[in-house]
Amino acid sequence: LQQDIVQDLIKREAETMKHKVATGTTISGSPMQPIKNSTVLMRGIRNHSMNTPPLNASGKLLNSIKATKKGVSLKTYGVYQNDGYTPKKIPVGLSKQAVKKSKSKRSVFFKKNTKNIKVPARQFINTEATYGISKELLGKFIKGIHEALKK
């Protein structure tokens with residue numbers, strides 16, 4: 001019974017995380033901070049949509065979120081995006097090749113992030129403090145305990 005409930009919790013959390021990334025909402029339900037001009041530049045070079053929410057340009061992060069027996073797995077950069085980080089280098093412009101070959105990743109000029117520009121936290125992963133168990137699952141667990149006590 002306990003394992004079934006844990007697996008239900010993991011599955012629901014994975015679904016919730018996918019929904020948050022797909023819709024661009026945080027764990028509190030508010031919209032994620034919009035993408036900045038540097039991200040618009042990178043999306044343009046990579047031929048990604050400008051209309052998708054933050055964290056969902058290519059769909060790689062969204063598709064990586066999976067429920068496993070031990071918890072939820074996802075691409076490592078999802079954790080960095082969730083917590084926010086300071087990149088070592090930032091994109092600043094296009095080279096002449098980028099204008100001709102917009103798919104080339106090497107066509108972007110990067111410079112050291114001397115101003116310590118931060119990528120904002122876009123929280124879609126619950127923590128112990130923010131996680132809440134649904135009443136439905138809690139009821140199922142209590143019902144299972146009562147049944148076990150009757151035996």
Side-chain angles (χ1 to χ4, degrees), residues 2-141:
Q2 183 181 1
Q3 278 299 77
D4 292 342
I5 290 175
V6 168
Q7 288 307 306
D8 271 356
L9 290 170
I10 291 169
K11 183 180 174 188
R12 286 178 187 222
E13 185 60 17
E15 289 170 1
T16 300
M17 288 169 60
K18 279 188 159 198
H19 177 74
K20 299 274 181 224
V21 171
T23 59
T25 53
T26 65
I27 55 174
S28 66
S30 62
M32 291 180 182
Q33 286 191 15
I35 59 175
K36 297 197 174 179
N37 289 339
S38 57
T39 305
V40 170
L41 171 70
M42 294 306 293
R43 282 187 177 194
I45 290 169
R46 293 179 177 160
N47 286 333
H48 292 160
S49 173
M50 302 296 168
N51 299 323
T52 56
L55 309 185
N56 198 18
S58 68
K60 288 180 183 177
L61 177 61
L62 179 69
N63 293 328
S64 76
I65 300 171
K66 303 212 181 321
T68 68
K69 288 184 179 182
K70 294 183 180 181
V72 179
S73 72
L74 68 149
K75 289 200 171 281
T76 305
Y77 74 87
V79 176
Y80 300 135
Q81 293 287 350
N82 183 72
D83 298 341
Y85 66 99
T86 305
K88 292 178 181 174
K89 293 185 176 186
I90 54 173
V92 291
L94 299 174
S95 67
K96 290 180 183 177
Q97 294 110 345
V99 177
K100 294 176 186 174
K101 298 178 183 179
S102 63
K103 292 182 182 179
S104 174
K105 292 179 187 175
R106 295 182 185 169
S107 300
V108 179
F109 287 124
F110 286 89
K111 71 174 187 176
K112 282 187 177 182
N113 187 2
T114 56
K115 295 181 182 178
N116 287 329
I117 296 170
K118 298 182 184 306
V119 174
R122 293 185 170 103
Q123 295 179 306
F124 65 98
I125 302 172
N126 275 306
T127 64
E128 287 182 29
T130 61
Y131 186 75
I133 296 176
S134 72
K135 290 180 182 178
E136 176 191 343
L137 280 177
L138 189 58
K140 185 177 175 182
F141 184 66

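Counting from 1, the numbers follow the sequence of the chain as shown.
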Please list every donor-acceptor pair under 3.5 Å in which a side-chain atom of residues 77-93 meets a protein atom from a residue at least two apart or in another chain.
| from | atom 1 | to | atom 2 | distance (Å) |
| --- | --- | --- | --- | --- |
| Tyr77 | OH | Leu61 | N | 3.3 |
| Asn82 | OD1 | Phe124 | N | 2.8 |
| Asn82 | OD1 | Ile125 | N | 3.0 |
| Thr86 | OG1 | Lys118 | NZ | 3.3 |

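- Residues that satisfy the side-chain hydrogen bond (donor to acceptor under 3.5 Å, both in side chains) test with Ser73, not counting sequence neighbours, are absent from this structure.
- Here Lys66 contributes atom NZ and Lys75 contributes atom NZ; the two are 9.5 Å apart, rounded to the nearest 0.5 Å.
- Heavy atoms from other residues, nucleotides or ligands lying under 6.0 Å from CG of Asn37 number 12 at most.
- A donor-acceptor pair is defined here as one N or O able to donate and one able to accept, closer than 3.5 Å; no such pair exists between the side chain of Arg46 and the backbone of Leu41.
- Atom CG in Leu74 sits 15.0 Å away from atom NZ in Lys60 (nearest 0.5 Å).
- Residue Arg43 comes nearest to Pro54 through the heavy atom pair NH2-CA, 3.9 Å, listed as atom of the first residue, atom of the second, then distance.
- By the 4.5 Å heavy-atom criterion applied to side chains, Val119 and Arg122 are counted as neighbours.
- Taken to the nearest 0.5 Å, the NZ atom of Lys20 stands 11.5 Å off from the CD atom of Gln123.
- Between the side chain of Thr23 and the backbone N or O of His19 there is at least one donor-acceptor pair closer than 3.5 Å.
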Side chain to side chain contact (heavy atoms under 4.5 Å, CB included) assessment of Val72 paired with Ile10 | CA-CA 6 Å; Val72 179; Ile10 291 169; 4.2 Å; yes
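- In this view, Asn63 satisfies the side-chain contact (heavy atoms from CB on, under 4.5 Å) rule with no residue, not counting sequence neighbours.
- Across Thr25 and Met32, no two heavy atoms sit closer than the pair O-CE, 3.3 Å.
- A distance of 9.5 Å separates CD1 of Ile65 from CD of Glu13, quoted to the nearest 0.5 Å.
- Inter-residue side-chain proximity for Met50 and Val40 is flagged as met; some heavy-atom pair is nearer than 4.5 Å.
- Scanning all heavy atoms of the two residues, the minimum distance from Ala22 to Pro53 falls at O-CG, 3.2 Å.
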